[in-house]
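Notes follow the structure.
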Amino acid sequence: MEVITRFPPSPTGYLHIGGARTALFSWLYARKHGGRFVLRIEDTDRERSSQESVQAILDGMGWLGLDYDDGPYFQTQRMNRYREVIDQLLHAGQAYHCYCTREELDVLREAQRARGDKPRYDGRCRQRTQPRDEILPVVRFKNPRDGNVVIDDLVKGRIIISNSELDDLIIARSDGTPTYNLTVVVDDMDMGITHVIRGDDHINNTPRQINILEALCAERPRYAHVPMILGADGKRLSKRHGAVGVMQYRDDGYLPQAVLNYLVRLGWSHGDQEIFTRQEMFDLFDISDVQRGSAVFNPEKLLWLNYEYIKAAKAADLRDHARWHFENAGINIDEQANWKEVILVNQQRSKTLLELVDRSLFFFRDIDGYDAKSVKKHFKGQAGEVLVELRAQLGPLDPWTAENIHRRLHQLAERRSIGLGKIAQPLRIAVAGVAVSPPIDETLAILGKEAVMGRIDAAVNYINTLP
RNA sequence: GCUCCCUUCGUCUAGCGGUUAGGACGCCGGCCUCUCACGUCGGUAACAGGGGUUCGAGUCCCCUAGGGAGCGCCA
């Protein structure tokens with residue numbers, strides 16, 4: 001049997017970290033089993049759905065590389081089909097019109113709550129034979145009154161819910177449009193979904209959906225309810241916990257593979273392994289190994305993973321991922337002759353692409369001033385003299401290599417009987433503008449002699465203006 | 001309130017009846033050092049509580065507590 005999984009977001013916002021994880025699990029499960037992954041847009045809530053959100057979700061999935069084999073389907077385009085199924089249930093006597101008003105239902109619910117009961121519809125319209133004038137009816141599914149629904153959930157294990165806990169849910173609104181629990185069932189059935197992998201907030205819906213499925217004589221899929229992702233405060237992850245939109249991580253300089261890796265390890269593990277290639281995810285992931293309890297989202301670990309991926313990346317890949325970040329900083333990375341050296345020397349010290357760009361900037365363009373604190377600390381004492389002498393030493397240097405530069409720096413330190421820091425730091429500020437850069441010899445080598453000479457001159461001039 | 005789900009270091013987790021309860025992130029400290037980093041060595045820290053079952057329980061069962069979700073003409 002071919003495995004078919006699906007991801008059914010409703011387009012009411014961007015792709016959320018939590019949604020991305022269930023999408024990832026569904027996608028992995030399909031890929032692992034050589035099956036298909038279906039994307040279905042649940043846009044029946046016209047009020048809150050938008051085309052921008054559809055695009056945002058597509059963008060998020062695209063960035064993460066979660067490719068789908070089928071779809072995207074749109075529920076709004078399947079209205080006739082839902083109508084057909086509703087009519088079928090009606091004709092078979094498995095659904096009925098309900099003329100209760102919202103007010104009546106409110107009263108019922110209130111009374112039930114007051115009694116300490118779970119609010120649920122009492123089925124009073126099941127027997128009704130005459131329509132009520134002036135009232136457009138909804139359609140309710142005739143849920144079985146006795147027995148249990150048994151779910152053998154792939155992550156939670158066996159779950160048993162008594163039908164007496166359920167009620168006759170609305171499957172069509174008074175305007176005729178279908179509701180969620182109906183559309184999901186029809187879609188999953190029509191699309192041949194074999195494995196429903198979704199958040200465990202849907203567990204309560206599952207028995208209802210199974211009952212509808214059975215009324216339709218459809219085969220039921222396997223279910224896997226994965227736990228929610230929580231914020232640091234233990235509450236369901238939401239906007240107030242910070243960045244929860246997948247694309248925000250792209251903007252913040254994260255690599256998609258790092259985000260994917262973080263997400264797959266959240267609630268799932270394979271022994272002590274932390275880093276998983278895409279192929280390893282396919283090979284090793286198993287939905288039944290997913291943790292039963294919810295997991296807290298930990299941005300620090302994601303950052304660490306991002307760093308690991310940046311360190312291990314090929315320079316050219318880093319350049320491609322960072323290209324638009326460089327553009328945002330006003331740099332066209334493709335025009336930089338020394339782009340590769342710059343990336344190589346900075347990638348091991350950058351936790352994000354943003355940091356990589358930031359650390360690379362002074363290699364690609366002139367510095368626009370000196371960091372005040374650094375100046376105060378290092379542009380003092382003999383700094384000016386040292387730079388002048390250094391310039392004289394480096395001027396004739398040939399070839400201009402890190403090794404040669406290194407040698408000259410040490411010779412100078414020895415001659416003046418000062419620590420290397422007394423030379424490296426002023427020099428670093430002279431060429432980088434700040435007291436932070438890769439090793440000074442490599443920095444100079446990559447920068448090139450001409451730029452270094454110019455920046456030392458500028459620094460010397462600047463120091464001379466100091467009081 | 002009712003129903004369902006969940007519970008190992010701060011966090012992600014390993015563990016599938018016998019372990020000094022392991023790894024990772026973070027944090028702290030040593031080493032390295034021209035800055036920032038890297039690296040490396042070490043440290044900190046957990047079986048929610050209580051009953052059973054068993055020679056033996058983090059592992060199996062029950063109860064309690066705590067947390068989460070659902071109870072819409074939202075999805």
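Chain letters run A, B, ... following the sequence lines, proteins first, then strands; residues in each count from 1. Scope of the values below: all heavy atoms of this structure, side chains included, with no hydrogens, waters or symmetry mates.
Comparing the same atom, P, in B:rC25 and in B:rC63 gives a spacing of 40 Å after rounding to whole Å. B:rC5 and B:rA45: their C1' atoms are spaced 28 Å apart (whole Å). Between B:rU11 and B:rU19, the distance separating the two C1' atoms is 24 Å to the nearest Å. Across the P atoms, B:rA75 and B:rU7 are found 31 Å apart, a figure rounded to whole Å. The P atoms of B:rA48 and B:rC4 are separated by 23 Å, rounded to the nearest whole Å.
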Taking N or O atoms only and anything under 3.5 Å, show me the protein contacts with nucleotides 32-34 of chain B, one pair per line.
{"unit_1": "B:rC34", "atom_1": "O2", "unit_2": "A:Arg428", "atom_2": "NH1", "d": "3.1"}
{"unit_1": "B:rC34", "atom_1": "O2", "unit_2": "A:Arg428", "atom_2": "NH2", "d": "2.8"}
{"unit_1": "B:rC34", "atom_1": "N3", "unit_2": "A:Ile440", "atom_2": "N", "d": "3.4"}

Can you pull every protein N or O that's under 3.5 Å from an N or O on nucleotides 60-63 of chain B?
none

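Base engagement by A:Ser437 is indicated by at least one non-hydrogen atom pair under 4.0 Å involving a base atom. At a threshold of 4.0 angstrom between heavy atoms, the contacts of A:Gln291 are confined to the sugar-phosphate backbone, with no base atom among them. Within the 4.0 angstrom heavy-atom criterion, base atoms lie near A:Ala435.
Inter-residue side-chain proximity for A:Gln382 and A:Glu389 is flagged as unmet; no heavy-atom pair is nearer than 4.5 Å. With a 4.5 Å cut-off on side-chain heavy atoms, A:Glu52 and A:Gln55 do not count as touching. The side-chain heavy atoms of A:Tyr68 and A:Leu58, taken from C-beta on, include a pair separated by under 4.5 Å. Contact annotation: the side chain of A:Arg120 never approaches that of A:Leu166 to less than 4.5 Å [non-hydrogen atoms, C-beta and beyond].
Computed from coordinates, the A:Asn181 CG to B:rC73 C1' distance equals 13 Å when rounded to whole Å.
For A:Arg292, no side-chain nitrogen or oxygen approaches OP1 or OP2 of B:rU7 to under 4.0 Å. Residue A:Lys311 has no polar side-chain atom (N or O) positioned under 4.0 Å from OP1 or OP2 of B:rC38. Contact between the side-chain N/O atoms of A:Ser174 and the OP1/OP2 oxygens of B:rC73 is not found at any separation under 4.0 Å.
Residues satisfying the side chain to side chain contact (heavy atoms under 4.5 Å, CB included) test with A:His97, not counting sequence neighbours, are A:Leu90, A:Tyr99, A:Pro137, A:Val139. Legend: residues meeting ring pair (Phe, Tyr, Trp, His ring centres under 6.0 Å) with A:Tyr262, ordered by chain and number and at least two apart, are A:Phe297. Scanning for ring pair (Phe, Tyr, Trp, His ring centres under 6.0 Å) contacts around A:Phe379 gives A:Tyr370, with sequence neighbours left out. Annotation: side-chain hydrogen bond (donor to acceptor under 3.5 Å, both in side chains) contacts of A:Asp441 (sequence neighbours excluded): A:His406.
Taken residue by residue, residues 204-211 of chain A places heavy atoms nearer than 4.0 Å to RNA chain B at A:Asn204, A:Asn205. Contact check of residues 40-58 of chain A against RNA chain B (heavy atom, cut-off under 4.0 Å) returns A:Glu42, A:Thr44, A:Asp45, A:Arg48. Near-neighbour residues of RNA chain B inside residues 195-203 of chain A, defined by a heavy atom below 4.0 Å, number-ordered: A:Asp201, A:His202, A:Ile203.
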> How far apart are the C-alpha atoms of A:His202 and A:Tyr180, what are their side-chain angles, what is the distance that settles it, and do they pass the ring-ring contact (aromatic ring centres under 6.0 Å, His included) test?
Replying inline: CA-CA 12 Å; A:His202 284 287; A:Tyr180 168 73; 5.8 Å; yes
> What string of B, S and - do you get for nucleotides 18-25 of chain B, 5' to 3', if B is base contact, S is sugar-phosphate-only contact and - is no contact with any protein heavy atom under 4.0 Å?
Replying inline: ----BBBS
Give every donor-acceptor pair under 3.5 Å between a side-chain atom in residues 284-291 of chain A and any protein atom, sequence neighbours left out.
{"unit_1": "A:Asp286", "atom_1": "OD1", "unit_2": "A:Ser288", "atom_2": "N", "d": "3.2"}
{"unit_1": "A:Asp286", "atom_1": "OD1", "unit_2": "A:Ser288", "atom_2": "OG", "d": "3.2"}

When the side chains of residues 10-17 of chain A are checked against the rest of the protein, which donor-acceptor pairs come out under 3.5 Å, sequence neighbours left out?
{"unit_1": "A:His16", "atom_1": "ND1", "unit_2": "A:Gly18", "atom_2": "N", "d": "2.8"}
{"unit_1": "A:His16", "atom_1": "NE2", "unit_2": "A:Leu237", "atom_2": "O", "d": "3.4"}

